[in-house]
Amino acid sequence: MIDVRLLRNTPDAVRAAIARRAKPDLLEQIDHAIRLDTRLRDIVVERDEVRRQVNDFSKQVGALRKAGDTAGAESLMGQSRDLGARENGLAAESDEVEAALREVLLRIPNIPHNDAPNGTGDHDNPVVVGPNNLPASFPDHQRVPHWETAQQLGILDNERAVKISGAMFTMQRGLGATLARALCQYALDMNADAFEEVRPPSLVTSATLTATGQLPKFADDAYSIERDDLWCIPTAEVPLTSIYAGEILHDHEMPKRLMAYSPCYRREAGSAGRDTRGMLRAHEFDKVEILALALPEQAPDLLLELRNRAERLISGLELPYRIIEICTGDLGQSHHRSFDIEVYAPGCDAWLEVSSVSWFSDYQARRADIRVKRGTQKGTEIAHTLNGSALAVPRVWAAILENFREEDGSVTVPAVLRPYMRGAERIARP
RNA sequence: GGAGAGGUGCCAGAGUGGCCGAAUGGGGCGCCCUGCUAAGGCGUUGUCCGUGUUAAAGCGGACCGUGGGUUCAAAUCCCACCCUCUCCGCCA
């Protein structure tokens, strides 16, 4: 959520900033929120004044009864009753307006960072790093889609995954499964120097899914378990961000760096029939997420740190990659500033998004109510959150199969992964 | 899933309708005492919203698991839910 006070005090600045997202209907929502806020404040001021009077009367009633003045007490009680009725009406009204305001605010996206490039869609995202490790040309034996290679090697069994779970589920077997797990361990180990490893729950409450921004607007994208009022996490960002929800952290413990491996569940609503082959899009996949809770002034450096860490993993695998910055028109709802890392897959002839690193300013933390207290200073402030996929398994898995395919159809295991694959140097036909 | 107990401030813990934003103890912070340390003395100590202000002070409201209800008045009474603990059942 953006800060209502920003909306109140500097509405034009907010309008101008949100306008950069190139979604005209958002401005209407902002004006709607401002109207609701103005009305809410009027009602609240009046409600509090009536409450004050009721409180006064109640105290007097107590004093009168103690003094034995029953008649005087009765008279005041009558007056207070009337005020109470008015207070009820005002309270109901303020609750209503407050709920409506929150509903609108939850759907207003974050303010883009000043440095986020202007644009109207993903075609405007500039390349800011690379391409690196990209050869001038690829030999024919690398121009084979990973699903074909995987089938030849017997390491991907999507037909049976579909039998078990339906369309858009995948299943790796043998060294294919080992490779998927190795990528996770590699990603965790490479960040263990500074990040606490967490094994969070994969099912979360609606409140948790609201904090990170998936609800209420993107309910259709997530799997829900209605009977128990739980949701399957689309990323470990969701439980990790909410670890300190409702808590007040101290500045000396900031930043907090957390990482987690987790399965990720996405309904991919609207994607039926797209990228159905191979590993490019699935309802369930594995990912290692790195995340930081920070003081506002720590955030810019952390954004770069997270990006560097994600980049280091990819370059360590010796895959061709580039980094793009997300322009204002393509920025996700909660995002303040974002970078994507893309890996080139010669078999598919496509740049695959394998990591997204983002700074959310205080947008998520305000929803999650994560605050920071500085020293013994009075009051608190909202924390900043940042996170990034350290490594999303399926697409990296696919890119490895395409970039490391040899002439004989086998796949060389990137050196950094061999320790996690019982020393296997290549994946060959059985 | 069944039975019972309980959820109060940073922590422990009192409080069963008004004098309770909340005793008492501990902790933290400040000052005093002290050669230093320990012990001791005094004071202070939450969050949110609104109002106010250059900033603050101040003022008003809310918060005793959450949400409803009763009442002139609720931490205190009633209802629902959530969570924790103990026992039983089930179980990787």
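Values below: every heavy atom of this structure, side chains too, minus hydrogens, waters and symmetry copies. Residue numbering restarts at 1 for every chain, and letters A, B, ... go by the order of the sequence lines.
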Categorize [X] for me: base, sugar-phosphate, or nothing, with a 4.0 angstrom heavy-atom threshold over every strand shown.
X: A/Gly379; answer: sugar-phosphate
X: A/Val44; answer: nothing
X: A/Ser80; answer: sugar-phosphate
X: A/Arg371; answer: sugar-phosphate

Just how far, in rounded Å, is [atom2] of [N] from [atom1] of [X]?
X: A/Leu90; N: B/A62; atom1: CG; atom2: C1'; answer: 15 Å
X: A/Asp48; N: B/G50; atom1: CG; atom2: P; answer: 11 Å
X: A/Ile248; N: B/G9; atom1: CD1; atom2: P; answer: 13 Å
X: A/Arg86; N: B/C72; atom1: CZ; atom2: C1'; answer: 16 Å
X: A/Asp42; N: B/G60; atom1: CG; atom2: P; answer: 21 Å
X: A/Lys373; N: B/C29; atom1: NZ; atom2: C1'; answer: 12 Å
X: A/Arg81; N: B/A73; atom1: CZ; atom2: P; answer: 9 Å

Taking the C1' atom of each, how far is B/C79 from B/U70, in whole Å?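 That atom pair is separated by 11 Å.
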
B/G17 versus B/C64 - spacing of their C1' atoms, nearest Å: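 The same atom, C1', in both gives a distance of 15 Å.
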
So, A/Ser334 side chain and A/Thr212 main chain: donor-acceptor pair closer than 3.5 Å or not?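 Yes, because the side chain of A/Ser334 sits within donor-acceptor range (under 3.5 Å) of the backbone of A/Thr212.
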
Tell me whether A/Ser94 contacts the main-chain N or O of A/Ala91 through its side chain, where contact means a donor paired with an acceptor under 3.5 Å.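 At least one qualifying donor-acceptor pair exists.
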
Just how far is it from atom CG of A/Leu156 to atom CD of A/Glu159, taken to the nearest 0.5 Å?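 That separation rounds to 7.5 Å.
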
Looking at A/Arg47 and B/G61, is any side-chain donor or acceptor paired with a base atom of the opposite kind under 3.5 Å?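 For A/Arg47, whose side chain was compared with the base of B/G61, there is no donor-acceptor pair (under 3.5 Å).
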
Taking the inter-plane angle between the rings of A/Phe360 and A/His335 on a 0 to 90° scale, is it parallel (under 30°), tilted (30 to 60°) or perpendicular (over 60°)?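 Geometry flag for A/His335 against A/Phe360: perpendicular rings.
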
Proximity to the side chain of A/Ser58 - top-ranked nucleotide from B/G18, B/G50, B/A62: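 Ranking B/G18, B/G50, B/A62 by closest atom to the A/Ser58 side chain puts B/G18 first.
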
